[in-house]
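This structure is a prediction, so every number in the text was calculated from the model and none was measured.
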Amino acid sequence: MAKQRIAILGGGISALTTAFEITNDPSWREDYEVTVYQLGWRLGGKCASGRNAEHHQRIEEHGLHIFLGFYDNAFRMIKECYRELGRPPGAPLATWQDAFKPHDYIVLTEKLASGKYVPWALDFPRTSQEPGTGGVLPSPWAAIEMLVGWLRRLISESDEHAKSAVWQLEEVHDACKLRDHLKVMELLVEAHHLLKTIDQDALEEDLSLRRIFVSVDLAMAAIKGLIANRLIFPPYDFFKLDAVDFRDWLRSYGAHEISVNSAYINGVYDIGFSRQGEVGAGTAISGTMRMVFTYKGAVMWKMQAGMGDTIFGPFYEVLTRRGVRFEFFQRVDSLELSADGSRVARVVVGQQATLKDPASGYQPLVTVKDLPCWPSEPSYDQLVQGEALRDSGESLEDWWTRWQDPAPPRVLQDGVDFDRVILGCSLATLPYIAKDLLAASPPLAEMVAALGTRQSQAVQLWFAPDLAGLGWKLPSPVLDGYAEPLDTWADMTHLLAHEVWEPGQVPHNLAYLCGGLLQVSPHLRQEGGPLPRADLVEVNDAGAQRIEADAGGAARVQQPRAQGGATAGGEAVVRAYARAILASGGAQQPAGAQPLDQRIHRARGA
């Protein structure tokens, strides 16, 4: 039997996961040939990272990439990859434990009616379990029992004012243990009514009381909703609730507006760059329960280098050893169906660049401090058009690039170049590259139309002072829920050890900020198309103005002219960052807090 030729279009995490699983069988080469076709010079998709050789081999990536402790399947695969990678002891990121470190400290920022942001620190306890080991998930009833038990502990450890304002939950907890859902519902309806009698002005003045109120209010609304929708009984189909937005669902079961717009709920929306109406209630509840009640080891695990270095470099090395072929600078332009519409007959692939040595193939990785890494730009020396591409300043990852392909498109043929196609490109690209496929498959077209994607923005800031010198006196955080558009901040200073800095220039703090792009005015959009290049500039300016306004009157951080020239928007970002850490950390303006450099990254458009 002839081998089946599999063409994987795209090199993001889903595409590489597919390649990894297909080739996990030691005898896979007897049945398959696998080729990955990738845009540009690196793997990773929206999770890609690169090293800037011109600026200290800085790690540059789009957004904050962290594994959550309940990612069992992802960790299982990562552990298999690192085991097969087989780096020698003492090498950088030799094992998965070297590549990922536990993180417990999360700060949610709460915006009060006065407009002031206050920190809400959550220090999650460690568990003895190792991520990626599988196991049995707790039932909804078990999760409800754990939640009520946690609320009881929360209240018992609070101050006397909070204790006196909230009734005891012993009866509810006892009914949960007995799985008496009717009694639980009866008690919750009564208790929820009593909760609403708390003086609302007191919730603005007493933060401890406010947090007790929000925690109990949201828990009661969620438990009532789970019981009312019979999700406490098998088959536990949470996703049937996804037609309703999470906030609206909570409101329908009595949650107060303060709670619905609290730091807890803002965090659920922010983690997926989502807006109102974009988070299904079932997905939100299921995901929150998984994150809080089923994490292993730690609630979060931070990568110890860029995501490209930590994940996509090892995957590339392992898959290449297994015999998977990678073809870079291959832009998928269109999928064309057979006459009867039953198969993909042709894949048209744009040739972004040609290699000087096609027989050897493109060698994508560079070594930085003994660690294989992806560069932030192509290896121009390997390309026939390398010098012209470098001089053009164009990016081959840019949807709106003005770079012209140096060769005609390549047409992959069914039965000649492939027998099966795996489409690993972003959903947002399908209306442009897979029109025939969407027309032939109404369910797929409906899914693509219904599942929105979000343009996002990210900023990295390298600072001379350390975290304490910048004003943050609490432990190193992952912070969420701050002012839009950059609502998330994480201290990623640990990555500096993998960069290359001259003595006297070494930064002592690295900050990652990210968030969704602001809403674009309708007149900026091309009918039926993505945002054009000029509109992205306008979006960025609007974001800078918003940050500037939000930072008004706050402590100022002086910024020297950055390499390549600093922008007004960049200065505003620095000031907003200063305000975030000063306001949340409660410190005075730091002296001499000067960023060494900054880089603002922007989504390609999908």
Side-chain angles (χ1 to χ4, degrees), residues 44 46-52 55-69 92-93 98-109 119 121 267 270-271 273 298-313 368-369 371 373-374 376 456-482 486-501 505-515 557 562 570 573-574 576-578 580-581 584-585 593-601:
K46 66 183 68 176
C47 300
S49 70
R51 296 305 192 101
N52 190 328
H55 299 295
H56 316 289
Q57 294 291 353
R58 296 183 312 195
I59 296 169
E60 298 175 350
E61 49 193 327
H62 187 87
L64 176 62
H65 301 132
I66 287 177
F67 268 24
L68 298 179
L93 308 191
D98 297 328
F100 291 84
K101 297 296 182 182
H103 182 86
D104 312 308
Y105 195 74
I106 300 174
V107 176
L108 304 176
T109 52
D270 288 348
I271 200 169
F273 302 109
V299 67
M300 289 182 173
W301 291 77
K302 278 187 174 181
M303 299 177 201
Q304 298 305 292
M307 192 166 185
D309 309 339
T310 307
I311 292 180
F312 295 101
V368 179
K369 289 188 171 180
L371 181 66
C373 304
W374 301 90
S376 59
S456 58
Q457 55 189 338
V459 176
Q460 293 172 231
L461 300 169
W462 288 257
F463 281 86
D466 61 15
L467 198 59
L470 287 166
W472 184 264
K473 304 303 182 183
L474 301 175
S476 173
V478 172
L479 180 146
D480 187 50
Y482 191 59
L486 298 170
D487 50 45
T488 301
W489 160 52
D491 173 32
M492 301 295 283
T493 306
H494 63 281
L495 299 183
L496 293 172
H498 288 287
E499 299 178 345
V500 180
W501 294 84
Q505 290 187 317
V506 181
H508 295 91
N509 177 257
L510 173 56
Y512 277 35
L513 299 95
C514 62
V557 176
V573 168
V574 174
Y577 172 72
I581 59 177
S584 298
Q594 296 180 335
L596 287 179
D597 210 342
Q598 66 180 29
R599 182 171 179 95
I600 299 178
H601 300 286

### Query
Does a side chain donor of either Asn509 or Thr493 reach within less than 3.5 Å of an acceptor in the other side chain?
yes
### Task
Quick one: do Val459 and Leu461 satisfy side-chain contact (heavy atoms from CB on, under 4.5 Å)? Show the steps, please.
CA-CA 7 Å; Val459 176; Leu461 300 169; 3.9 Å; yes
### Query
Minimum heavy-atom separation for Pro119 to Val107, with atom names?
CB-CG1, 3.8 Å
### Residue among Trp472, Tyr512, Tyr482 satisfying ring pair (Phe, Tyr, Trp, His ring centres under 6.0 Å) with Trp489
Trp472
### Query
What residues form a side-chain contact (heavy atoms from CB on, under 4.5 Å) with Ala48, not counting sequence neighbours?
Arg42
#### Entry: His498 side chain vs Gln304 backbone, donor-acceptor pair below 3.5 Å
yes
### Task
Could you please spell out the steps behind the side-chain contact (heavy atoms from CB on, under 4.5 Å) verdict for Leu513 and Thr488?
CA-CA 5 Å; Leu513 299 95; Thr488 301; over 6 Å; no
### Query
Is it the case that Arg58 places NZ or CZ above or below the six-membered ring of Trp462, under 6.0 angstrom from the centre and within 45 degrees of the axis?
yes
### Task
Identify the heavy atoms of Leu486 and Gly515 that sit nearest to each other, and give their distance.
CD2-N, 4.1 Å
### Partner set under side-chain contact (heavy atoms from CB on, under 4.5 Å) for Asp487, not counting sequence neighbours
Asp270, Asp480, Glu484
### Message
Can a donor-acceptor pair be found, under 3.5 Å and without considering hydrogens, that links the side chain of Glu499 to the backbone of Ile59?
### Response
yes
### Query
Got a donor-acceptor contact below 3.5 angstrom from the His65 side chain to the Ser49 backbone?
no
### Query
Is a donor on one side and an acceptor on the other found under 3.5 Å between the side chain of His56 and the backbone of Trp501?
no
#### Entry: Residue pair Asp309 / Cys373: nearest heavy atoms and the distance that separates them
OD1-CB, 3.3 Å
### Message
Any side-chain to backbone donor/acceptor pair from Lys473 onto Ala468? Under 3.5 Å, distance only.
### Response
yes
### Query
What is the minimum heavy-atom distance between Lys302 and His103, and which atoms define it?
CE-ND1, 3.7 Å
### Residues that Phe273 engages under side-chain contact (heavy atoms from CB on, under 4.5 Å), provided they are two or more places apart
Arg454, Ser456, Cys514
